[in-house]
Amino acid sequence: QVQLVESGGGLAQAGGSLRLSCANSGRTITSYTMGWFRQAPGKEREFVATISWNGMNTYYADSVKGRFTISRDNAKNTVYLQMNSLKPEDTAVYYCAARRGGGLGRLISDYNYWGQGTQVTVSS
């Protein structure tokens with residue numbers, strides 16, 4: 001069983017940085033594609049970034065490209081999202097997700113397991 005737990009959320013000022021972590025306390029996620037999504041109040045959950053099982057391939061939403069970086073440490077069973085140059089519109093609950101099988105995933109339906117989310121609030 002894959003059990004994902006996000007951490008690292010909090011309050012940041014516009015232009016600041018936060019680093020989110022997603023740790024798996026269940027079976028190893030070494031072979032899983034991982035992704036980050038976010039959901040702002042009153043909006044649908046949206047794709048943020050994804051990374052292949054070996055970390056060699058990544059893909060980002062246009063809204064975060066150049067500001068956010070997804071990475072993983074398979075030895076620690078953990079995925080990260082480094083968020084720089086934060087904007088108030090980045091305010092949302094951020095979710096980590098795991099996808100069985102290969103290929104990067106950009107759709108909610110691509111993923112099999114989800115964490116509970118961590119709140120990120122960016123003040124102007």
Side-chain angles (χ1 to χ4, degrees):
Q1 183 72 10
V2 175
Q3 296 176 313
L4 305 173
V5 179
E6 302 94 337
S7 62
L11 178 64
Q13 290 188 333
S17 299
L18 284 173
R19 187 197 195 202
L20 305 183
S21 298
C22 171
N24 174 40
S25 60
R27 63 182 298 177
T28 180
I29 55 173
T30 302
S31 62
Y32 287 59
T33 292
M34 300 298 294
W36 285 96
F37 288 74
R38 66 186 181 185
Q39 187 166 15
K43 295 187 177 181
E44 295 185 350
R45 192 171 299 190
E46 65 175 6
F47 166 77
V48 175
T50 181
I51 187 167
S52 59
W53 70 273
N54 59 3
M56 295 295 290
N57 297 295
T58 59
Y59 188 83
Y60 298 90
D62 288 343
S63 58
V64 307
K65 199 173 295 182
R67 300 188 299 122
F68 290 11
T69 302
I70 188 171
S71 62
R72 67 191 297 163
D73 185 339
N74 285 342
K76 295 182 178 180
N77 231 13
T78 302
V79 178
Y80 305 97
L81 185 68
Q82 178 67 43
M83 306 187 295
N84 298 330
S85 302
L86 284 164
K87 303 175 181 180
E89 50 263 45
D90 294 321
T91 295
V93 176
Y94 283 71
Y95 297 90
C96 173
R99 165 184 164 85
R100 291 194 300 263
L104 299 178
R106 287 173 281 173
L107 302 177
I108 293 173
S109 58
D110 287 336
Y111 292 83
N112 306 100
Y113 303 97
W114 293 83
Q116 294 299 307
T118 184
Q119 176 70 48
V120 171
T121 303
V122 183
S123 62
S124 57

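- Summarising the local packing, CD of Q82 is surrounded by more than 12 heavy atoms from other residues, nucleotides or ligands at distances under 6.0 Å.
- Judged purely by atom type and a 3.5 angstrom limit, T118 uses its side chain to pair as donor or acceptor with the backbone of G9.
- Counting heavy-atom neighbours within 6.0 Å of Q39 CD, excluding the residue itself, gives a total above 12.
- Looking only at distances, a side-chain donor or acceptor of D110 sits under 3.5 Å from a matching main-chain atom of R106.
- Between the E46 side chain and the R38 main chain, no donor and acceptor come within less than 3.5 Å of each other.
- Defined by atom type and a distance below 3.5 Å, a donor-acceptor pair is missing between the side-chain atoms of Y111 and R100.
- No hydrogens or angles considered: nothing links the side chains of T30 and N74 as a donor-acceptor pair under 3.5 Å.
- For W114, the CH2 atom is densely surrounded, since the number of other residues' heavy atoms within 6.0 Å is greater than 12.
- F47 and W36 have their aromatic ring centers separated by at least 6.0 angstrom.
- Every residue two or more places apart in sequence or in another chain was checked for a ring pair (Phe, Tyr, Trp, His ring centres under 6.0 Å) with Y32, and none qualifies.
- Although no hydrogens or angles enter the test, the distance criterion places a donor-acceptor pair under 3.5 Å between the side chain of R99 and the main chain of G103.
- Ion pairing between a basic and an acidic side chain is recognised when a charged N comes within 4.0 Å of a carboxylate O; D62 and K65 show such pairing.
- Geometrically, R45 engages Y95 in a cation-pi contact, judged by NZ or CZ lying under 6.0 Å from the ring centre and within 45° of the ring axis.
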